[in-house]
Number of protein chains: 2
Amino acid sequence: MKSERKIFADYLVKKNLRETPQRGMILDAFLKIEEHTTAEQLYDIVKKRDNTIGQATVYRVLKLICDAGLAREVDFGDGVMRYEHCYNHPHHDHLVCRSCGKTVEVVDLVIEELQKRVAESFGFELTDHEMYLYGICGNCRHKK
Amino acid sequence: MKSERKIFADYLVKKNLRETPQRGMILDAFLKIEEHTTAEQLYDIVKKRDNTIGQATVYRVLKLICDAGLAREVDFGDGVMRYEHCYNHPHHDHLVCRSCGKTVEVVDLVIEELQKRVAESFGFELTDHEMYLYGICGNCRHKK
DNA sequence: TTGCTTCTGATAATCATTATCATTTATGCG
DNA sequence: CGCATAAATGATAATGATTATCAGAAGCAA
Ligand SMILES: [Mn+2]
Ligand SMILES: [Mn+2]
Ligand SMILES: [Zn+2]
Ligand SMILES: [Zn+2]
């Protein structure tokens, strides 16, 4: 938490951007949330502290947070972008229940290695990837 | 080609929907395209044959074609949905060049198997998945 | 202060997709 | 064949998340 603020401050300095109350408040609110969050949800939270804040600013700061390496976009394909923590949250993929929407963060090093190899076999140098596994969770299966 | 039309016709009958000139024309145009195509691109093609056709109809028929199992949505994350053939085109994932946009269709049975296992290890029954590998293709690498 | 630049919030614009609705077209029946 | 009913179409408006615009506020440098 301390170091995230430091990273963000350093990023602003490096980019010749200013540290403002809004930027600080939005960053703090984002860091407190452990779930995957939309700009709208973050806006609602920040508004409670300062109801003069504009949602355009939330979108703008969220972009800065991503650029600073503290957040990552997650796209579950429902038309709304979500954001998750990046710092001290190493790369992972997502397992999503088609029935209740529950998500689990997963990582499989063998898959990651094979992805690299597949890319290379076609002459590509892999830079990143997206993998979403969809299914029915145990809970939902037992209900039916 | 013949069998795709048959599948679509059967699907319409099963769902009590009518076979119309527009539906036939849009399906034919879609089947002729081998690339990943947007609704807009398909609309432009169909319009050349019948400039009275509406793009809402293209969207509607594209949805029918998907439901009939002849097309699949592909989301490269650029805000536009693309469609690809499904019939006689077994499941595959996509390798996309971040520089030139070139796409390669790939499939790795080991990865597919591991995906199933990862899901099961969390109590999920895997129904489907999305995997996009992003990188720099050989061409683009040599240019730089 | 005084300029100058950056930030912000309100608002309008964008853009792919969906919804609405009046009109057209197909179908089933007497 | 008319007529009633239902489905399909095309034009158009609406949607909704995100982005652009722009006038005013706030910070900074001299
Ligand atoms: Mn996550
Ligand atoms: Mn494909
Ligand atoms: Zn579930
Ligand atoms: Zn390339």
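To find a chain, count down the sequence lines: A is the first, B the second, and so on, and within it residues start at 1.
Nearer to the 5' terminus of DNA chain D, by closest-nucleotide assignment, is the contact made by B:L17 (compared with the other of A:P21 and B:L17). Residue B:Y83 is the one, among B:Y83 and B:R18, whose nearest nucleotide of DNA chain C lies closer to the 5' end (criterion: closest heavy atom).
A 4.0 Å heavy-atom criterion places the boundary nucleotides of DNA chain C facing chain B at C:dA16 to C:dT27, written 5' to 3'.
When all heavy atoms of B:R23 and B:V61 are compared, the closest pair comes out as CG-CG2, 3.8 Å.
Taking the six-membered ring for Trp and thresholds of 30 and 60 degrees, A:H85 and A:H89 have ring planes more than 60 degrees apart, a perpendicular arrangement.
Looking at heavy-atom distances under 4.0 Å, A:T38 makes no contact with the nucleic acid at all.
A salt bridge does not link A:K48 with A:D44: every distance from a Lys NZ or Arg NE/NH1/NH2 to an Asp or Glu carboxylate oxygen is 4.0 Å or more. Between B:E112 and B:K116, no side-chain nitrogen of the basic residue sits less than 4.0 Å from a carboxylate oxygen of the acidic one, so the salt-bridge criterion is not met.
Using a 4.0 Å cut-off, no side-chain N or O of A:T20 falls inside it from OP1 or OP2 of D:dG27.
Comparing D:dT18, D:dG10, D:dA8 by their closest approach to the side chain of B:A56 singles out D:dG10.
With sequence neighbours excluded, no residue satisfies ring-ring contact (aromatic ring centres under 6.0 Å, His included) with A:F8.
Non-hydrogen atoms lying under 4.0 Å from DNA chain C are contributed by B:Y59, B:R60, B:K63, all within residues 57-71 of chain B.
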